[in-house]
Participant: 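Before we start, here is the structure in question, set down as structure tokens.
Side chains are part of it too, since the values below use all heavy atoms of this structure and drop only hydrogens, waters and symmetry mates. Order of the sequence lines sets the chain letters (A, B, ...), proteins ahead of strands, with each chain counted from 1. Every value quoted in this text rests on a predicted model; they were computed, and no experiment measured them.
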Amino acid sequence: MPELPEVETIVRALGPHLVGRRIKRVTLRQPRILIGDVTGARGFSITGVQRWGKHIVLDLRRRASTAHLLIHLGMTGQLLLDGEPGPHTHAFFYLDGGRLLLYNDIRQFGRMELTRELPVRLRRLGPDPFQVTEAEFVALFRARSSMAKPLLLNQLFLRGLGNIYADEALFRARIHPRTISARVRPAKAAALYRAIIKVLTEAIEDGGSSISDYVSSDGSLGYFQFRHQVYQRTGSPCPVCSAAIRRIVVASRGTHFCPRCQR
DNA sequence: ATCGGTACCTGCACGC
DNA sequence: TGCGTGCAGGTACCGA
């Protein structure tokens, strides 16, 4: 379930429950080797919970040494606090205070890693959408000659966007997913930047409001209340012009757009 | 640099 | 009821 807004919501919801807790024990379901060996997190205390693109970063400290537990949810990963283990529970983090953090992942595309420092691989990712300015985004976008859709999905270009919000942002900016980025006028690229910020902001707000009623913070809230205008609405009328929304494949990803609004 | 295809996994909706 | 097909929000790797 993991694009930037979902990960942000999870981080905000879990943070207050995790910060200050000590990890007493970590067990991984055997013979799962699909996630990294993070049993070394035992004995560390959680000092912070942050988001880095679509990654969840738990900052850890044990006496003088610090470390990070990196969690990427893949397509179906979820963190569950004080929930019931199930057939797809792959990791158990026993915390002090009797709390239990579970990692579930049906498709097992998620990954975990315990590191001293933030790996180069992560530091090399593109800027966070909320940290880049409009001018910077326009310059970066037009400096590339990639189709707009795969460029937005490329985490080395911008970190955090996924298939849903890429489609939604392109729709709001009225840009065809196959448009070559270098050929997009500056004003249009600026509109895309604003559309990205708007879509992500709205989704985070929806996530925040839907999670506020839950005592136990978990990642099972799905798509929030965020209403897609094009994503997975193939054949439905465009909310702007009523033309039928189309689905095409771009860079191996299902891509939804309005053939009349986006050219 | 960029793109398409493949691979990694399980579950679900669909048509027959 | 079963079975095959295609699809699903993630990334990594390959060859062209």
Participant: Arg99(A) and Asp82(A): which non-hydrogen atoms are nearest, and at how many Å?
Facilitator: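 Where Arg99(A) meets Asp82(A) most closely, the heavy atoms are NH2-OD2, 2.7 Å.
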Participant: Between Arg42(A) and Arg62(A), which heavy-atom pair has the shortest distance, and what is it?
Facilitator: O-NH1, 2.9 Å
Participant: Judged by atom type as modelled, is there a donor-acceptor pair below 3.5 Å linking the side chain of Gln50(A) to the main-chain atoms of Ile56(A)?
Facilitator: no
Participant: What's the CD-P distance between Gln108(A) and dT10(B), to the nearest Å?
Facilitator: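 Going from CD in Gln108(A) over to P in dT10(B) covers 5 Å.
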Participant: When the P atoms of dT1(C) and dT10(B) are compared, how many Å lie between them, rounded to an integer?
Facilitator: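 The same atom, P, in both gives a distance of 24 Å.
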Participant: Should Lys24(A) and Asp96(A) be marked as a salt bridge (charged side-chain N to carboxylate O under 4.0 Å, His left out) after you check the CA-CA gap, both sets of side-chain angles, and the distance that decides it?
Facilitator: CA-CA 6 Å; Lys24(A) 294 169 66 180; Asp96(A) 61 6; over 6 Å; no
Participant: What nitrogen or oxygen pairs link the protein and nucleotides 4-7 of chain B at under 3.5 Å?
Facilitator:
{"residue": "dG4(B)", "atom": "OP2", "partner": "Ala251(A)", "partner atom": "N", "Å": "3.1"}
{"residue": "dG5(B)", "atom": "N7", "partner": "Ser252(A)", "partner atom": "OG", "Å": "3.4"}

Participant: Rounded to whole Å, please give me the gap between CG in Asp105(A) and P in dC8(B).
Facilitator: 16 Å
Participant: According to a strict under-4.0 Å criterion, is Arg159(A) in side-chain N/O contact with OP1 or OP2 of dG10(C)?
Facilitator: no
Participant: Please state how far atom CG in Leu152(A) lies from atom P in dC3(B), giving the value in whole angstrom units.
Facilitator: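 To the nearest whole Å, that distance equals 12 Å.
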Participant: Determine whether Leu14(A) and Leu58(A) fall in the same hydrophobic cluster, where Ile, Leu, Val, Met, Phe, Trp and Tyr are linked whenever their side-chain heavy atoms lie under 4.5 Å apart.
Facilitator: yes
Participant: Tyr165(A) OH to dG9(C) P: how many Å, rounded?
Facilitator: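 Atom-to-atom, Tyr165(A) to dG9(C), this comes out as 12 Å.
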Participant: When you group the ILVMFWY residues by side-chain heavy-atom contacts below 4.5 Å and let the links chain together, are Ile10(A) and Leu70(A) in the same group?
Facilitator: no
Participant: Which heavy atom of Gln155(A) sits nearest to which heavy atom of Gly160(A), and what is that distance?
Facilitator: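 So the minimum-distance heavy-atom pair works out to OE1-N, 2.8 Å.
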Participant: Taking dA13(B) as the reference, what is the distance to dG9(C) when you measure between their P atoms (whole Å, please)?
Facilitator: 16 Å
Participant: Taking N or O atoms only and anything under 3.5 Å, show me the protein contacts with nucleotides 11-16 of chain C, one pair per line.
Facilitator:
{"residue": "dT11(C)", "atom": "OP2", "partner": "Lys54(A)", "partner atom": "NZ", "Å": "3.4"}

Participant: For dC9(B), does either OP1 or OP2 sit under 4.0 Å from a side-chain N or O belonging to Thr76(A)?
Facilitator: no
Participant: Check every atom of dA8(C), dT2(B), dG11(B) against the side chain of Gln232(A) and return the nucleotide holding the closest atom.
Facilitator: dA8(C)
Participant: When you look at CZ of Arg123(A), are more than 12 heavy atoms from neighbouring residues, nucleotides or ligands closer to it than 6.0 Å?
Facilitator: yes
Participant: Measuring only the P atom in each nucleotide, how far is dG2(C) from dC9(B)? A whole number of Å is fine.
Facilitator: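 Here dG2(C) and dC9(B) have their P atoms 26 Å from each other.
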Participant: Please tabulate, one pair per line, all N/O donor-acceptor pairs under 3.5 Å involving side-chain atoms of residues 236-254 of chain A, not counting sequence neighbours.
Facilitator:
{"residue": "Ser236(A)", "atom": "OG", "partner": "Arg233(A)", "partner atom": "O", "Å": "3.4"}

Participant: Do we see a donor-acceptor contact under 3.5 Å between the side chains of Asp167(A) and Tyr165(A)?
Facilitator: no
Participant: Between the side chains of His68(A) and Asp59(A), does any donor sit under 3.5 Å from an acceptor?
Facilitator: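 A donor-acceptor contact under 3.5 Å links the two side chains.
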Participant: For nucleotides 3-5 of chain C, list the nitrogen or oxygen atoms of the protein found under 3.5 Å from its nitrogen or oxygen atoms, one pair per line.
Facilitator:
none

Participant: Within the modelled atom types, does a donor on one side and an acceptor on the other bring the side chain of Arg107(A) and the base of dA8(C) under 3.5 Å apart?
Facilitator: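 Under the 3.5 Å cut-off, the side chain and the base do form a donor-acceptor pair.
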Participant: For DNA chain C, what dot-bracket results from Watson-Crick or G-U pairs at under 3.5 Å, with [ ] for crossers and | for inter-strand partners?
Facilitator: .|||||||.|||||||
Participant: Apply the side chain to side chain contact (heavy atoms under 4.5 Å, CB included) test between Phe171(A) and each candidate in His228(A), His256(A), Gln229(A); give the one that qualifies.
Facilitator: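 That would be Gln229(A); it is the only one of His228(A), His256(A), Gln229(A) passing the side chain to side chain contact (heavy atoms under 4.5 Å, CB included) with Phe171(A).
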Participant: Going by the rule ring-ring contact (aromatic ring centres under 6.0 Å, His included), which residues pair with Tyr193(A) if we only count those two or more places apart in sequence or in a different chain?
Facilitator: Phe137(A)
Participant: Expressed in angstrom and rounded to an integer, what is the separation of Tyr103(A) atom OH from dC9(B) atom C1'?
Facilitator: 12 Å
Participant: One thing to verify: whether Glu3(A) and Lys54(A) come together as a salt bridge, which I'm taking to mean a side-chain N less than 4.0 angstrom from a carboxylate O.
Facilitator: no
Participant: To the nearest Å, how far apart are Asn154(A) CG and dG10(C) C1'?
Facilitator: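 That distance rounds to 14 Å.
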Participant: Nearest whole angstrom, please: distance from the P of dA1(B) to the CD1 of Ile180(A).
Facilitator: 16 Å
Participant: Would you call Glu113(A) and Arg121(A) a salt bridge, taking side-chain N to carboxylate O under 4.0 Å as the test?
Facilitator: yes
Participant: Would you mind reading off the distance between Met75(A) atom CE and dC7(C) atom P, rounded to a whole angstrom?
Facilitator: 13 Å
Participant: Checking contacts here: which listed nucleotide (dG10(C), dT10(B), dG9(C)) is nearest the side-chain heavy atoms of Phe109(A)?
Facilitator: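 Closest of the options to the side chain of Phe109(A): dG10(C).
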